[in-house]
Amino acid sequence: MYYPRAMYEPRPSARPVRALVAWALYDWANSGFAALVQTFVFAAYFTRAVAENETLGTALWGNMMGVAGLVIGLGGPVLGAVADRSGRRKPWLAAFTALCILATGLLWFIRPEADFVWPALLLAGAGTIGSEYAMVFYNAMLPDLARPGTVGRWSGWGWGLGYAGGLVLLVVALYGLVQPPGWFGVSRDHALHIRAVMPLTALWYLLFCLPLFLFTPDAPSTGIPLSRAVGRAMVQLRDSLRDLRGHRDIALFLLARMFYNDGLTTMFAFGGIYAAATFGMEPGEVILFGIGLNVTAGLGAASFAWLDDRIGPRRTILLSLVGLVVPGAAILLVQDKTLFWIFGLAIGIFVGPVQASSRSYLAAAAPAELRTEMFGLLALSGKLTSFIGPFLVGWLTLASGSQRIGMGAVVALFVLGLAGMLFVPDPPSPKED
């Protein structure tokens, strides 16, 4: 028998601060993969040193991100629906966390040779799938842990802690491995100093994800066998997609988020590549830029967390999207590297809030018994079309011979998302237990 979530949702006394801090620390652990593998270190290393040339490397990286995004988008809602039926989230979270950690660690073996192109792409794709699937279950834990009136701030604090974790790991990678002579004395032969960043990232993820599994309570099992949960999940997912008309507000939000999240995903996938190729940044300088971006992003996520609870997640998203469009357009026009730094760091202020408030918007708007499934649909909205942004950047760059024109697709996606959010209503006001 399937019991509605309201029957087993934890009481306020079951939500100690320690459990929430341990939950938020997972953001600190997971962010290293996004910062060092997807954006600032491995992506640039792949296009510059592993692929035959930067143009081909950019296209291959974009295709890989697109395929991984399609897998995530199609599978996320199904997995989320299964978890809603079976109750527990931690086993799923552990499995996909392990996949990402393993794939990241194995990137150590990717040498700066064209023969390693496909192993590199397969491992990076597997890590991306593991990381994103893990976040479906991680995000869905928040409403069971935080009081309704504090979901926004805990969501923002989690994002802020994630950017702080990425910042610290970038500093360790830069001064410990990449910049000579390096704290750890790693040889630079065969790009060992760059490749060593990957097992470091995997170890970081493993170490700091442990508090969640030790101190954060999971929803209890419903007792439904996995095979039956899968069957019920498929039926419920079909009904949810068909009946999104009954959740019009959520449908509009997911549509708008599909555009602006695709812009964020594309920006993360090509940000380091753009900085290196268009402004001639060396690996160490790209990492320094990543450090600065994590500082502004972390400050933005943490400071806007209070704003989310004060003015609501929808208005916070709108404000953040304006903050992404304006400096994003400026970056496409400036020629001076100093101006690139200024506008690039300004973008960071609004990256965290738009992500954190998207999470808190859905937590407030989704029916309690369908939260994990709705977070699966959130993954669908963010990933089903995620191949479009990288595809547009790659092909516009090839057609025009200019990465500036190619990256214009990112700003266009932000504008479309902003236009869509204008039609999304505010979520229902939270009610305290």
Side-chain angles (χ1 to χ4, degrees), residues 26 28-52 56-58 60-72 75 91-138 165-166 169-170 172-174 176-178 182 184 186-210 213 265 268-269 272-273 283 286-287 290 383 390:
Y26 187 91
W28 169 286
N30 173 274
S31 63
F33 177 82
L36 281 85
V37 177
Q38 292 180 313
T39 307
F40 296 114
V41 179
F42 190 79
Y45 167 69
F46 174 81
T47 56
R48 278 189 160 186
V50 182
E52 185 176 337
L56 179 60
T58 299
L60 289 172
W61 188 261
N63 289 337
M64 179 276 292
M65 292 295 292
V67 171
L70 190 60
V71 171
I72 294 162
W92 300 94
L93 182 59
F96 290 116
T97 297
L99 172 61
C100 183
I101 291 173
L102 179 61
T104 302
L106 290 175
L107 289 174
W108 154 263
F109 296 101
I110 304 302
R111 292 173 173 266
E113 302 168 11
D115 291 342
F116 288 87
V117 164
W118 285 108
L121 292 172
L122 291 173
L123 287 173
T128 298
I129 291 169
S131 175
E132 292 291 341
Y133 274 164
M135 293 303 290
V136 171
F137 300 97
Y138 168 71
L169 188 54
L170 281 166
V172 173
L174 176 63
L177 296 168
V178 177
F184 309 123
V186 176
S187 170
R188 303 176 72 84
D189 294 339
H190 306 292
L192 288 173
H193 64 304
I194 300 295
R195 291 158 52 197
V197 173
M198 300 305 105
L200 171 67
T201 304
L203 181 62
W204 180 277
Y205 199 164
L206 175 62
L207 178 63
F208 290 108
C209 77
L210 292 178
F213 294 104
T265 300
F268 295 148
I273 297 170
V286 172
I287 294 178
K383 294 300 179 182

S.K.: For C209 and T97, which heavy atoms make the closest approach, and how far apart are they?
M.R.: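 In this case the closest contact between C209 and T97 is SG-CG2, 4.1 Å.
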S.K.: Compare every heavy atom of F42 with every heavy atom of V37, then report the nearest pair and how far apart it is.
M.R.: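 For V37 versus F42, the nearest heavy atoms are O-CB, 3.4 Å.
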S.K.: Does the side chain of Y26 come within less than 4.5 Å of L93's, by heavy atoms?
M.R.: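 The answer is yes, as the side chains (C-beta and beyond) meet within the 4.5 Å cut-off.
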S.K.: For R195 and W108, work out which heavy atoms get closest and say how close.
M.R.: NE-O, 2.7 Å
S.K.: Looking at every heavy atom in both G130 and C100, which two are closest together, and how far apart are they?
M.R.: C-CB, 4.1 Å
S.K.: Quick one, L170 and L36 - any side-chain contact, counting heavy atoms below 4.5 Å?
M.R.: yes
S.K.: Once rounded to the nearest 0.5 Å, what's the spacing between atom CG of L99 and atom OG1 of T104?
M.R.: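 Reported to 0.5 Å precision, the distance equals 8.5 Å.
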S.K.: Taking the side chain as every heavy atom from C-beta outward, state whether F46 and L60 have any pair of such atoms under 4.5 Å apart.
M.R.: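 Side-chain contact under 4.5 Å: yes.
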S.K.: Sorted by first residue and then second, give each side-chain hydrogen bond (donor to acceptor under 3.5 Å, both in side chains) pair with at least one member in residues 30-47; sequence neighbours left out.
M.R.: N30-S131, N30-Y205, Q38-T128
S.K.: Roughly how far apart are F109 CZ and R111 CZ, rounded to 0.5 Å?
M.R.: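 Rounded to the nearest 0.5 Å, the CZ-CZ separation comes out at 10.0 Å.
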S.K.: Could you check L169 against V197 for side-chain contact (heavy atoms from CB on, under 4.5 Å), going step by step and ending with a plain yes or no?
M.R.: CA-CA 9 Å; L169 188 54; V197 173; over 6 Å; no
S.K.: Just verifying a value: how many Å separate I194 CD1 and L107 CG, rounded to the nearest 0.5 Å?
M.R.: 13.0 Å
S.K.: When rounded to the nearest 0.5 angstrom, what is the spacing between CG in L203 and CE in M198?
M.R.: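 If I round to the nearest 0.5 Å, the distance is 13.0 Å.
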S.K.: So, for V117 and A51, which heavy atoms are closest and what is the spacing to 0.1 Å?
M.R.: CG2-CA, 3.9 Å
S.K.: Just say parallel, tilted or perpendicular for the rings of F208 and W28, cut-offs at 30° and 60°.
M.R.: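 Judged by the thresholds at 30° and 60°, the geometry between F208 and W28 is perpendicular.
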S.K.: Can you give me the closest heavy-atom contact between A124 and F33, atom names plus distance?
M.R.: O-CZ, 4.2 Å
S.K.: Kindly assign one of parallel, tilted or perpendicular to the pair F137 and F96, based on the angle between their ring planes and the thresholds 30° and 60°.
M.R.: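 Ring orientation, 0 to 90° scale: parallel.
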